[in-house]
Amino acid sequence: MRRADRLFQIVQIIRGRRLSTAQFLAERLEVSERTVYRDIAELMTQGVPIEGEAGVGYRMRTGFDLPPLMFTHEEAQALVASVRIAQPRLDASLAAQAENALSKILAVLPAAARAAAETLAVYAPPVEFDPVTRMRLEPLRLAAEGRRKVRLSYLDLKDVASERTVRPLGCFYWGAVWTLAAWCEVREEFRNFRIDRIRELEVLSAFRDEPGKTLPDFFRQAEASAAHRPARNTLS
């Protein structure tokens with residue numbers, strides 16, 4: 001890594017954390033702590049407002065920022081690849097915003113980086129989601145972001161209909177279907193619902209996160225299940 005790139009990476013790491021030790025920075029950048037100390041001194045000399053000292057750690061003084069579009073060729077290509085792969089699989093609103101964001105980024109990139117991004121030989125064919133998934137994905141995503149309960153009319157994998165009130169936690173794409181991870185107030189446990197099998201939905205009142213019912217709790221339970229016993233099908 002060139003020193004200029006390393007200095008930029010140090011600034012990015014420090015400004016994203018409350019406190020970064022020289023040891024942590026050295027491990028992230030795969031250099032010696034002595035090199036980190038020299039780089040920190042150089043950044044301070046250049047006027048970058050880094051606070052701290054050796055043996056304690058470093059942080060960035062509030063209010064400092066860098067131009068947000070200093071991407072390498074590879075980073076620009078990664079952005080294009082991410083949008084190309086994700087866009088056909090998102091709801092219409094989010095897909096449009098992804099395209100708008102990418103257009104703005106490409107418009108202000110240096111010519112070489114823009115050319116590298118636009119000629120990336122990675123493409124994703126359109127995905128034909130059923131109309132129900134397209135229609136349900138956005139309101140479920142917004143309900144999860146806004147912490148709002150949802151009432152579902154649901155048809156499970158055995159074609160048994162049920163009414164559920166859930167706390168939506170996140171929407172997950174599995175390559176063939178989208179699912180909604182949620183805390184089900186009927187079952188009183190985490191459940192996964194296939195979005196294409198939701199017949200109707202109604203967004204209800206807001207809820208507050210409670211211990212044992214949050215997305216991190218969902219992930220911890222899934223990890224524990226995978227580590228200690230065969231995966232159990234929790235699709236409702």
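Donor-acceptor pairing under 3.5 Å is lacking for the side chains of Asn100 and Ser103. Ser153 and Glu163 share a donor-acceptor pair across their side chains, judged by distance under 3.5 Å alone.
Linking Ile, Leu, Val, Met, Phe, Trp and Tyr residues whenever their side-chain heavy atoms come within less than 4.5 Å places Val122 and Ile105 in a single cluster. In this structure, Leu142 is not a member of the same hydrophobic cluster as Val150, with clusters built from ILVMFWY side-chain heavy atoms closer than 4.5 Å.
Residues Asp156 and Lys158 are not paired through a salt bridge, judged by the lack of any N-O separation under 4.0 Å between the basic side chain and the carboxylate. Salt-bridge check for Lys149 with Glu185: passed, with a basic side-chain N closer than 4.0 Å to an acidic carboxylate O. Of the charged side-chain nitrogens involved, none lies within less than 4.0 Å of a carboxylate oxygen, so that Arg134 and Asp91 do not count as a salt-bridged pair. A salt bridge between Glu145 and Arg141 is present, with a side-chain N of the basic residue lying under 4.0 Å from a carboxylate O of the acidic one.
Distance CD/Glu138 to CG/Leu90: 11.0 Å, rounded to 0.5 Å. Rounding to the nearest 0.5 Å places CH2 of Trp178 at 6.5 Å from SG of Cys171. Between the CG atom in Leu102 and the CG atom in Leu79 there is a gap of 7.0 Å [rounded to 0.5 Å]. The CG atom of Leu137 sits 11.0 Å away from the OH atom of Tyr173 when rounded to the nearest 0.5 Å. Distance CD1/Ile195 to CD1/Ile198: 5.5 Å, rounded to 0.5 Å. Separation of atoms CD (Glu30) and OG1 (Thr35) is listed at 12.5 Å; rounding is to 0.5 Å.
Within 6.0 Å of the CD atom in Gln46, the count of heavy atoms belonging to other residues, nucleotides or ligands exceeds 12.
Taking the six-membered ring for Trp and thresholds of 30 and 60 degrees, Phe193 and Tyr154 have ring planes more than 60 degrees apart, a perpendicular arrangement.
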**Prompt:** Are Arg84 and Ser82 close enough, and set up right, to give a side-chain hydrogen bond (donor to acceptor under 3.5 Å, both in side chains), and what steps lead you there?
**Reply:** CA-CA 6 Å; Arg84 286 181 182 175; Ser82 299; over 6 Å; no

